[in-house]
Structure formats: C-alpha cells, structure tokens
Amino acid sequence: MELRQLEYFVTVAEQRNFTRAAELLHVAQPGVSAQIRKLERELGEELLDRSGREVRPTAVGEAVLPYARAALAAVAGARSVVDELAGLVRGHLSVGTVTSHSVDLPGLLANFHQAYPEVEITLAEANTDQLLEGLRTGRLDAAIVSLGGESPPDLEFLVVDDQPLVAAVSHDHELALHDVISLDTLRGRPLISLPRGTGLRARLDEACAAAGFVPKIAFEASYPEVLAQLAARGLGAAILPGSFAATRAEQLRVITINRPALRGRLVFAWRSGGPDSPAARALVTRAREVLGS
C-alpha cells in the first residue's frame, strides 16, 4: 500500500469523478485508475462503485476512507514537524486587516516573506467584527483589528497602536472655537463616522451609550479620508484617530474629546493558545519582533 494510492483514492472519492481527480492531482487519468485498482487488489475488495454517472465509494470504500484521510494527515503533520525543527516553514497564511491604519503591515509581511519564501500569504480587508469572526472560526490566522478596553478571552494580541479619537470640524464650524469638549457636547449634533462593525464606530457607540444617548450619525464612509473631506465641508463633526486628523490641520480643526476620553486601540491578534500551523506560529513570532519594538 502506497501513500499515492491512498491520495488518489481519497481524491476520487471526494470528486466523484476520475477526470476531475486526475486534474487536481496533475496525473493522467489512466495512472489514477491503475493505482486505485492496485490498491483494491491488495485489499481484496472494490473501494469505488464505477457503475453510475458518478463514482461513489462502496460500503468498504466508505469504511476505508477515514483511515486513508487520517494516514495522509499524519504524513502531512510529520512533514510539518520536521520542517519546523529544521527551520523550514512552508504552507499558507491568511491574514486580515482593517481598512485604514498606520501599522506597517506590508513591512511585516515582506520581512516574513524574506525569511520564509515557501509560505504563501493572502491578505484580506474587512471590518473588525468580520475579522474577529474569521479569527474565531479559523478562516484567518492573524489580523490587525480594533479593540476596546475589554480584551476578548479567546484571543491573544500585541498592541501596535493606541491613540485618542478626536472630533474634527471645519474651521468655521460652531465647535471650532473649542480645544476640548466633553462627549456630551456631541449629543444631538450631526456626526461623521466609519460604519457599524468598525472598531472606531464601536468605541463611539459604546461611549455614547454609557453617557445615555445614541450618536446622531449624519454620514458614514468606509475610509477616514472621506470622513475628513465631509467634515472640511461643514457637514458635521468627524470622529477620527488623532494622528490622522492632526496631519490635516489646514482643512480641519482638531478637538480633543474628554469626559470621557475616547481611545482607539489597534492590535495584531490571533487565537488564544497559539496558532495551529508552524507558519502561523512563525508569523506571530516575527510580529512580536517587528511590531512590538
């Protein structure tokens, strides 16, 4: 019994078709059929029912299938362990990030790729709530997300940015005379914010709820730059990260929000207990080195 025979059998059983299986395996179809026949002869039973339009496992094939999958998984695990101990990391990483931030994530990924060129990396942008769900379900290995004061117990993270959230208005706005305002000053006033599901919006909604009111959101946009442009045209007070707003002093009057102060905290997060794969563990280690400094 050979591993490739088990691999061919599992692939055909899953695809229900020899042609599709051969394409996935990058092997000629006759070769796939021949190897599975050899496996069946060795076991003394047919594993696949070839009589219908779709190829299906026989009763014996169904019984053998989980053992074949387990054998292939065990071999893959053994290879991963050897690669990790030898310092050779391979595999695939799925990383997520909020849309706009100041963290040098491209620098981290480039640094990691230089050290581990065999690892394939995919990067996706989404709102914080979607990214957190991706981490919890295992769809993502790590992500840059925004968190409030409470830390989710099912995640571990490295804080990479912690800064105040401010109100930014046009220079002729009625609030432009103030350097500092209380959160309650924003009660009933038109606000410009990122949409629900983003970390910034969650911090605003949480603080306003604690103060006993619902923020009046006049405009929503997915990019801070658009929020700044809307505020500069006098359409309301934009809630923005302080460092972002400070670079647009010509367009905007930046006002500190106090009592309570709002803060935005960006973190590099992964599942509690550590990532599952050697590649993901290597990425977390590299993130600690690059982003934690």
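Quantities reported herein were computed from a predicted structural model and do not represent experimental measurements. Note that these values count all heavy atoms, side chains included, but never hydrogens, waters or copies made by symmetry.
Applying the 6.0 Å contact sphere to CD of E54 captures more than 12 heavy atoms from other residues, nucleotides or ligands. Within a 6.0 Å radius of NE2 in H113, no more than 12 heavy atoms belonging to other residues, nucleotides or ligands are found. Within a 6.0 Å radius of OH in Y223, no more than 12 heavy atoms belonging to other residues, nucleotides or ligands are found. Around the CZ atom of R196, the shell of radius 6.0 Å holds no more than 12 heavy atoms that belong to other residues, nucleotides or ligands.
A distance-only check finds a donor-acceptor pair linking the side chain of Q163 to the backbone of S243 [under 3.5 Å]. Remark: side-chain polar atoms of R201 are paired, donor with acceptor, to backbone N or O of L194 under 3.5 angstrom. Without hydrogens or angle criteria, R189 side chain to T185 main chain gives a donor-acceptor distance under 3.5 Å. Under the 3.5 Å distance criterion, the side-chain polar atoms of H173 are left unmatched by any main-chain donor or acceptor of R233. Side-chain atoms of N127 never come within 3.5 Å of backbone atoms of Q130 as a donor-acceptor pair (strictly under, hydrogens ignored). At least one donor-acceptor pair closer than 3.5 Å links the side chain of T128 to the backbone N or O of S146. Between the side chain of R263 and the main chain of A261, no donor-acceptor pair closer than 3.5 Å is present. When atom types are taken as modelled, the side chain of S272 and the backbone of D154 share a donor-acceptor pair closer than 3.5 angstrom. No donor-acceptor pair closer than 3.5 Å links the side chain of D49 to the backbone N or O of R56.
Applying the side-chain contact (heavy atoms from CB on, under 4.5 Å) test between L266 and each of D161, D162, L158, L147 identifies D161 as the sole match. For the side chain to side chain donor-acceptor pair (under 3.5 Å) with Q35, the lone residue among E7, Q5, E40 that qualifies is Q5.
Within the 4.5 Å cutoff, the side chain of L39 has heavy atoms near those of the L6 side chain. Between L131 and L140 there is a side-chain heavy-atom pair separated by less than 4.5 Å. You'll find the side chain of C208 stays beyond 4.5 Å of the side chain of V214, heavy atoms only. Using a 4.5 Å cut-off on side-chain heavy atoms (C-beta onward), I36 and F18 make contact. Between I239 and I257 there is a side-chain heavy-atom pair separated by less than 4.5 Å. Between L240 and V254, the closest side-chain pair of non-hydrogen atoms is not below 4.5 Å. At least one side-chain heavy atom of L183 sits less than 4.5 Å from a side-chain heavy atom of P260. At a threshold of 4.5 Å between non-hydrogen side-chain atoms, the residues L132 and L155 count as touching.
Distance check: L191 CG to L227 CG gives 11.0 Å after rounding to the nearest 0.5 Å. Annotation: the span from L48 atom CG to Y8 atom OH amounts to 14.5 Å, rounded to 0.5 Å. Rounded to the nearest 0.5 Å, atoms NE2 (H178) and CG (N258) are 14.0 Å apart. To the nearest 0.5 Å, atoms CD (E250) and NE2 (H171) are separated by 8.0 Å. Note: R265 CZ to R203 CZ = 8.5 Å, rounded to the nearest 0.5 Å. In this structure, L235 CG and F219 CZ are separated by 4.5 Å, a value rounded to the nearest 0.5 Å.
By the criterion of side-chain heavy atoms lying less than 4.5 angstrom apart, applied directly or through intervening Ile, Leu, Val, Met, Phe, Trp or Tyr residues, L262 is not grouped with V166; the two fall into different hydrophobic clusters. Both I144 and V159 are assigned to one and the same hydrophobic cluster, defined by single-linkage of ILVMFWY side chains at heavy-atom distances under 4.5 Å. By the criterion of side-chain heavy atoms lying less than 4.5 angstrom apart, applied directly or through intervening Ile, Leu, Val, Met, Phe, Trp or Tyr residues, V27 is grouped together with M1 in one hydrophobic cluster. I255 and V180 fall into different hydrophobic clusters, defined by Ile, Leu, Val, Met, Phe, Trp and Tyr side-chain heavy atoms under 4.5 Å apart, directly or through other members.
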Evaluate the side-chain hydrogen bond (donor to acceptor under 3.5 Å, both in side chains) criterion for residues S182 and D184: first the C-alpha distance (whole Å), next the side-chain angles of each, then the deciding distance (0.1 Å), finally the verdict.
CA-CA 5 Å; S182 67; D184 197 66; 5.4 Å; no
V75/L3 under side chain to side chain contact (heavy atoms under 4.5 Å, CB included): CA gap, chis, key distance, verdict:
CA-CA 9 Å; V75 170; L3 283 174; 3.8 Å; yes
Determine, step by step, whether T58 and E46 satisfy the side-chain hydrogen bond (donor to acceptor under 3.5 Å, both in side chains) criterion, reporting the C-alpha distance in whole Å, the side-chain angles of both residues, the deciding distance to 0.1 Å, and the verdict.
CA-CA 7 Å; T58 61; E46 287 197 348; over 6 Å; no
Hey, mind stepping through T97 and E125 against side-chain hydrogen bond (donor to acceptor under 3.5 Å, both in side chains) and telling me if it holds?
CA-CA 5 Å; T97 180; E125 288 186 338; over 6 Å; no
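With respect to R253 and D179, a salt bridge is recorded, a charged nitrogen being found less than 4.0 Å from a carboxylate O. One finds a salt bridge joining R286 and E289 here, because a Lys/Arg side-chain nitrogen approaches an Asp/Glu carboxylate oxygen to under 4.0 Å.
F244 carries R248 over the face of its six-membered ring, with the cationic atom under 6.0 Å from the centre and within 45° of the normal.
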